[in-house]
Amino acid sequence: MLAAKTLLNPSPPLNLPNKLTLRRPKAPFSLSIRNSLSDSQAPTTPGQLRVDILSESLPFIQKFRGKTIVVKYGGAAMKSESLQASVVNDLVLLSCVGLRPVLVHGGGPEINHWLKRLNIEVSFHDGLRVTDAATMEIVSMVLAGKVNKNLVSLIDRAGVKAIGLCGFDGRLVTARPAPNAAKLGFVGEVARVDPTVLWSIVNDGHIPVIASVAADETGQQYNINADTVAGELAAALGAEKLILLTDVAGILSDRNDAFSLVKEIDIKGVKKMVEEGTIGGGMIPKVNCCVRSLAQGVKTASIVDGRVPHSLLLEILTDEGAGTMISG
């Protein structure tokens with residue numbers, strides 16, 4: 001897959017890290033398939049086009065069949081009903097062709113909605129939600145209750161059984177306080193992952209849906225960043241791929257140039273971009289999560305534009321991808 005990725009519409013030469021390529025926005029999957037055919041081969045019916053697309057997907061299905069794929073779901077893809085349906089349908093399709101998807105989710109906008117509805121102040125510090133006892137109660141109710149069960153219901157209705165969990169269940173994730181807990185309150189980190197409870201679920205062909213809340217050894221609940229939970233679960237499961245759905249195109253070589261998307265990069269290149277300040281802000285914890293999961297054995301990690309319909313399929317079943325892929 002890596003060898004097939006190419007440079008589209010290159011800009012003037014830039015001083016970039018090794019193993020880094022750029023890509024500009026691409027045509028939809030079906031359009032790229034259509035354009036790859038000569039006029040004499042062009043499909044004449046919608047049915048023929050669908051067959052061509054399936055045929056092109058076969059090598060990727062063979063590559064990932066039986067492999068575990070951990071997907072972190074959030075951002076615009078969670079707020080838009082059409083994008084939410086796209087993600088759910090992608091997960092179901094991937095499961096039906098033999099992949100083993102695991103879904104991890106947050107739910108920031110829904111949490112904010114209920115906090116405001118209950119007149120509880122919403123506060124952030126260094127991009128992290130300040131979580132006092134009252135806020136933690138709402139976070140747990142919204143993530144492990146409303147958001148989680150809604151996703152389970154959507155996946156069930158789309159044709160694959162889903163099982164809703166959070167970090168408490170089967171001691172799946174054990175939390176510890178974040179280093180700056182004095183300012184953040186009940187914001188936690190992942191202390192330990194025990195994926196035992198997940199094996200029977202994925203082995204039976206079901207999709208685990210995991211909310212990013214967990215408890216420490218004493219039972220105190222913590223709100224944990226969903227990217228972090230996804231990365232640690234991917235490592236514990238020996239996942240083939242970690243995918244973070246975001247509200248950006250991926251890593252940009254120039255944050256002011258939407259056309260400077262980095263198509264593929266290795267860990268060394270990512271670290272260099274962070275040191276040079278090319279990667280900053282909210283992208284830093286995402287790339288750190290990816291780097292940590294890769295260091296623990298995950299094969300590849302991708303930061304994918306969740307605003308693009310069927311971005312999961314584009315990332316897994318095409319050689320174009322839908323964001324930035326980081327390799328070890």
Do any N or O atoms from the side chain of [X] and from the backbone of [Y] form a donor-acceptor pair under 3.5 angstrom?
X: Thr324; Y: Ile251; value: yes
X: Thr131; Y: Gly185; value: no
X: Asn148; Y: Val209; value: yes
X: Ser293; Y: Ala234; value: no

Is any side-chain heavy atom of [Y] closer than 4.5 Å to one of [X]?
X: Val270; Y: Met273; value: no
X: Lys149; Y: Ser153; value: no
X: Lys272; Y: Thr278; value: no
X: Val139; Y: Phe186; value: no
X: Gln84; Y: Leu151; value: yes
X: Ile316; Y: Ile243; value: yes
X: Leu317; Y: Val97; value: no

Please tell me whether [X] and [Y] are part of a single hydrophobic cluster in this structure, the criterion being side-chain heavy atoms less than 4.5 Å apart.
X: Trp114; Y: Met141; value: yes
X: Ile284; Y: Leu294; value: yes
X: Leu54; Y: Leu94; value: no
X: Phe60; Y: Val51; value: no
X: Val197; Y: Val190; value: yes

Among all residues two or more places apart in sequence or in another chain, which pass the salt bridge (Lys or Arg N to Asp or Glu O under 4.0 Å) test with [X]?
X: Lys183; value: none
X: Asp305; value: Arg307
X: Lys116; value: none

Problem set entry | Identified side-chain contact (heavy atoms from CB on, under 4.5 Å) counterpart of Pro208 within the set Leu237, Val202, Val104 | Val202
To the nearest 0.5 Å, how far apart are [atom1] in [X] and [atom2] in [Y]?
X: Ile279; Y: Leu252; atom1: CD1; atom2: CG; result: 9.5 Å
X: Phe64; Y: Leu99; atom1: CZ; atom2: CG; result: 7.5 Å
X: Leu103; Y: Ile69; atom1: CG; atom2: CD1; result: 13.0 Å
X: Lys271; Y: Asp266; atom1: NZ; atom2: CG; result: 10.0 Å
X: Asp254; Y: Leu261; atom1: CG; atom2: CG; result: 12.5 Å
X: Leu184; Y: Asp132; atom1: CG; atom2: CG; result: 11.5 Å

For this session: Could you please spell out the steps behind the side chain to side chain contact (heavy atoms under 4.5 Å, CB included) verdict for Val304 and Leu312?
Result: CA-CA 8 Å; Val304 170; Leu312 285 179; 5.7 Å; no
Minimal non-hydrogen separation, [X] against [Y], with atom names:
X: Val130; Y: Phe124; value: CG2-C, 4.0 Å
X: Arg100; Y: Gly66; value: CD-O, 3.1 Å
X: Lys263; Y: Glu320; value: CE-O, 4.4 Å
X: Met78; Y: Gly106; value: CE-O, 3.5 Å
X: Gln296; Y: Ala235; value: CB-CB, 3.6 Å
X: Ser302; Y: Lys241; value: OG-NZ, 2.9 Å

Exercise. For Leu115, which residues count as a side chain to side chain contact (heavy atoms under 4.5 Å, CB included) partner, sequence neighbours excluded?
Worked result: Ile111, Ile120, Val122, Arg129, Thr135, Ile138
Distance-only donor-acceptor pairs under 3.5 Å for side chains of residues 159-181, two or more places apart:
from   : atom 1 : to     : atom 2 : distance (Å)
Asp169 : OD2    : Cys166 : N      : 2.8
Thr174 : OG1    : Arg192 : NH2    : 3.4
Arg176 : NE     : Glu189 : OE1    : 3.3

Seminar exercise, completed: Residue pairs meeting salt bridge (Lys or Arg N to Asp or Glu O under 4.0 Å), one or both in residues 280-295, sequence neighbours left out, come to Asp227-Lys286, Glu232-Arg292
For this session: Mark yes when over 12 heavy atoms from residues, nucleotides or ligands other than Glu137 sit less than 6.0 Å from its CD; otherwise mark no.
Result: no
